[in-house]
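Proteins come first, then strands; the chains are lettered A, B, ... in the order of their sequence lines, and each starts at number 1. For clarity, every value in this text was computed on a predicted model and none was experimentally measured.
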2 protein chains.
Amino acid sequence: MLKKSVLMPFKTGSHNHDQCIDLALAEAESACRRQGLRFTRLRRRVLELVWSRHIPMKAYDILDELRRDGRGAAPPTVYRALDFLLDAGLVHRIESLNAYVGCGGPGKPHIGQFLICRQCNAVAEIDAPAIAQALTQDAKGLGFRADTQTVEIKGLCSECSVSA
Amino acid sequence: MLKKSVLMPFKTGSHNHDQCIDLALAEAESACRRQGLRFTRLRRRVLELVWSRHIPMKAYDILDELRRDGRGAAPPTVYRALDFLLDAGLVHRIESLNAYVGCGGPGKPHIGQFLICRQCNAVAEIDAPAIAQALTQDAKGLGFRADTQTVEIKGLCSECSVSA
DNA sequence: CACTATACTGTTATAATATAACGTCCTGGG
DNA sequence: CCCAGGACGTTATATTATAACAGTATAGTG
Ligand SMILES: [Zn+2]
Ligand SMILES: [Zn+2]
Ligand SMILES: [Zn+2]
Ligand SMILES: [Zn+2]
């Protein structure tokens, strides 16, 4: 029980993405109910926008979409919704891009690692507890008590490797 | 030869920090000479400011210091110098903080991992090739060709653990 | 049902981080 | 000396994020 798992593979090819979105929203719905969190209209919509493609979404792109919805929206609107979603474990922030992706395994406690394609921006999320533990352990060797990790790997996904 | 090494330990206690700075500048000087890069007055000064403490420095803090120097300085001045230093492998960018630290092992090729104390902001840089390789390998399992990694761990350094 | 406490959202303003574009100057090589 | 390229200065602007405060919806409570 220390094996790597793939929380969200690359989904660059064609697939029924509406299904991805519906599933993510349904999981979020039930996760929030379980935890007594309020999954409001706005939060649902922002999560839907984060999931609109399998690439990290920027806060201001989400903001533009909300405005297109006709909703009166300003930066705090989107940042607050994102903060909620982050706290609820429904999205992750990609630090190296200032952008946000839907979590591939909400509910399952995990420390995600992200693979990000430079070419097409697709993102995959994996859970490699062995690596997370090794990092925590190495840190401990320096007297450091780790509590969060940011692991982001950039490169080329298989599709883009072929065409490169 | 896959052992973890510490490129820059936590240096929170008192130590002769002028020595740290002098060493870093001397190493940079020779690294640039070796690679035929121009280690100009400005670049040297910015590197000196990055090294002014063992905590990540923000671009605009560096800018303020340059202005205090009397030098006419604007954001591009500092960002260009930082870009040079990053390319030359003399500093690293901490993505999760939008800040910059001096590299603990310039010259030695390495993929750094960073430990960042939430309390005192001190940073340590380690080189754990086993972890870097494990990540690259896991990525390969998904058909992903990794070329860069961002690994940043937040927590409490030993000193701050005690007082917490 | 009204009352209230709290969380959620709207709104305005501003802070913090980063880059574009263009002109000048310096420096090294011919 | 002259030139080409790189380094730097300068102005403007883009991008990302938060502060502060006002209004609104919601879930309990009596
Ligand atoms: Zn999909
Ligand atoms: Zn996740
Ligand atoms: Zn020092
Ligand atoms: Zn380094």
Nearest to the side chain of [X] - [options]?
| X | options | answer |
| --- | --- | --- |
| A:A74 | D:dT11, C:dG10, C:dT12 | C:dT12 |
| B:R43 | C:dA18, D:dA7, C:dT9 | D:dA7 |
| B:P75 | C:dA18, D:dG9, C:dG10 | C:dA18 |
| B:N98 | D:dT11, C:dT17, D:dA19 | C:dT17 |
| B:P76 | D:dT10, C:dA18, C:dT9 | D:dT10 |

I'd like to know whether A:K108 forms a salt bridge (Lys or Arg N to Asp or Glu O under 4.0 Å) with A:D127, so could you lay out the CA-CA distance, the side-chain angles of the two residues, the decisive distance to 0.1 Å, and finally the verdict. CA-CA 10 Å; A:K108 290 94 193 161; A:D127 179 30; over 6 Å; no
Less than 3.5 Å between a donor and an acceptor, one on the side chain of B:R71 and one on the base of D:dG9, is that the case here? no
Face-to-face contact A:Y60 to D:dT16 six-ring, under 5.5 Å, under 30°: yes
For [N] and [X] - does any side-chain N or O of the residue sit under 4.0 Å from the phosphate oxygens OP1/OP2?
| X | N | result |
| --- | --- | --- |
| A:T40 | D:dA25 | no |
| A:R93 | D:dA17 | yes |
| A:K58 | D:dT16 | yes |
| B:T77 | D:dG9 | yes |
| A:Y79 | D:dA17 | yes |

Interatomic distance, B:L63 CG vs C:dA15 P [rounded to whole Å]: 16 Å
Would you say A:T40 and A:R45 are linked by a side-chain donor-acceptor pair, where the criterion is simply a distance under 3.5 Å? no
Aromatic ring proximity, centroids under 6.0 angstrom, A:H92 and A:F114: yes
Describe the nucleic acid contact of B:R38 in one word from base, sugar-phosphate, nothing, applying a heavy-atom distance below 4.0 Å. sugar-phosphate
